[in-house]
Amino acid sequence: MTGSLRIGVAGLGDAGSQVVAAVPGVPGFVLAAVADTRKDAVDGCADTHGVRGFESVQAMCASREVDVVYVATPNKFHVAHTSTAIEGGKHVIVVKPLALTLDECDRMIEAAEKKGVKLVYGHSRIYDPPVKAMAKIVGSGELGRLI
């Protein structure tokens, strides 16, 4: 694949808002869309970032403008929203927890494997200043070779 992956963020709470703010600084990704059931949150975010807004995760997952869906909705919706994204042929990143039970996790993994898309557990704290500072120090080689 050439170019950037177009990411759609599902859920504009704390975790989703962190991802929306961080995507422009991540090479290989471009923020393409946001989805939330709260119209004011969608409209505000879409206007601020110049992206398409959706009032349902299902509608965003049906969009051809999105390659990857970042699921940052409440935990109880992770399975449903991940399944919808996978069915739409989207790669998926899910905030913690991946699901509420191991059986749900297994079903999500199996669905992604069958559809041939990637399913990734994404911890939203990677954008916090202390973690970013630590990554910079490790990347600088100041502490030696990481093993």
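Computed from a prediction, not measured in an experiment: that's the story for all the values here. Values below: all heavy atoms of this structure, side chains included; hydrogens, waters and symmetry mates excluded.
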Answer yes if Val94 and Val79 sit in the same cluster of Ile, Leu, Val, Met, Phe, Trp and Tyr residues linked by side chain heavy atoms under 4.5 Å apart, and no otherwise.
-> yes

Could you pull out all donor-acceptor pairs under 3.5 Å where a side-chain atom in residues 133-147 meets a protein atom, sequence neighbours excluded?
from: Ser140; atom 1: OG; to: Ile137; atom 2: O; distance (Å): 2.7
from: Ser140; atom 1: OG; to: Glu142; atom 2: N; distance (Å): 3.1

Identify the heavy atoms of Ile86 and Ala111 that sit nearest to each other, and give their distance.
-> CG2-O, 3.6 Å

Closest non-hydrogen contact found for Gly53 with Val42 is CA-CG1, 3.5 Å

Flag the pair Ser56 / Met60 as yes when at least one side-chain heavy-atom distance between them is below 4.5 Å, and no otherwise.
-> no

Under 3.5 Å, is there a donor-acceptor pair between the side chain of Arg6 and the main chain of Arg64?
-> yes

Is the side chain of His91 donor-acceptor paired with the backbone N or O of Lys118 at a distance under 3.5 Å, no angle test?
-> yes

Transitive ILVMFWY side-chain link Val19 to Ile93, under 4.5 Å = yes

Which distance, rounded to the nearest 0.5 Å, do you find between the OG1 of Thr82 and the CG of Leu119?
-> 6.5 Å

How close do Met108 and Leu98 get, heavy atom to heavy atom, and via which atoms?
-> CE-O, 3.5 Å

Any side-chain heavy atom of Asn75 within less than 4.5 Å of one from Leu100?
-> yes

Glu104 side chain near His78 side chain, heavy-atom distance below 4.5 Å = no

If you take all heavy atoms of Ala15 and Val95, which pair is closest and at what distance?
-> CB-CG1, 4.0 Å

Hey, is the main chain of Thr84 close enough, under 3.5 Å, to the side chain of Glu87 for a donor-acceptor pair?
-> no

Could you grab the distance from atom NE2 of His81 to atom NZ of Lys76, nearest 0.5 Å is fine?
-> 10.5 Å

Within the distance-only criterion (no hydrogens, no angle test), does the side chain of Lys90 pair as donor or acceptor with the backbone N or O of Tyr70 below 3.5 angstrom?
-> no

Nearest 0.5 Å, what's the CD-CD distance between Glu113 and Glu110?
-> 7.5 Å

Is it true that Val69 and Phe54 fall in one hydrophobic cluster, defined by side-chain heavy atoms closer than 4.5 Å?
-> yes

Connected via hydrophobic side-chain network under 4.5 Å: Val68 and Val9 | yes

Could you go through residues 20-38 and list every donor-acceptor pair under 3.5 Å that involves a side-chain atom there, pairing it with any protein atom two or more places apart or in another chain?
from: Asp36; atom 1: OD1; to: Arg38; atom 2: N; distance (Å): 2.9
from: Asp36; atom 1: OD1; to: Arg38; atom 2: NE; distance (Å): 3.0
from: Asp36; atom 1: OD2; to: Leu12; atom 2: N; distance (Å): 2.7
from: Asp36; atom 1: OD2; to: Arg38; atom 2: NH2; distance (Å): 3.2
from: Arg38; atom 1: NH2; to: Leu12; atom 2: O; distance (Å): 3.3

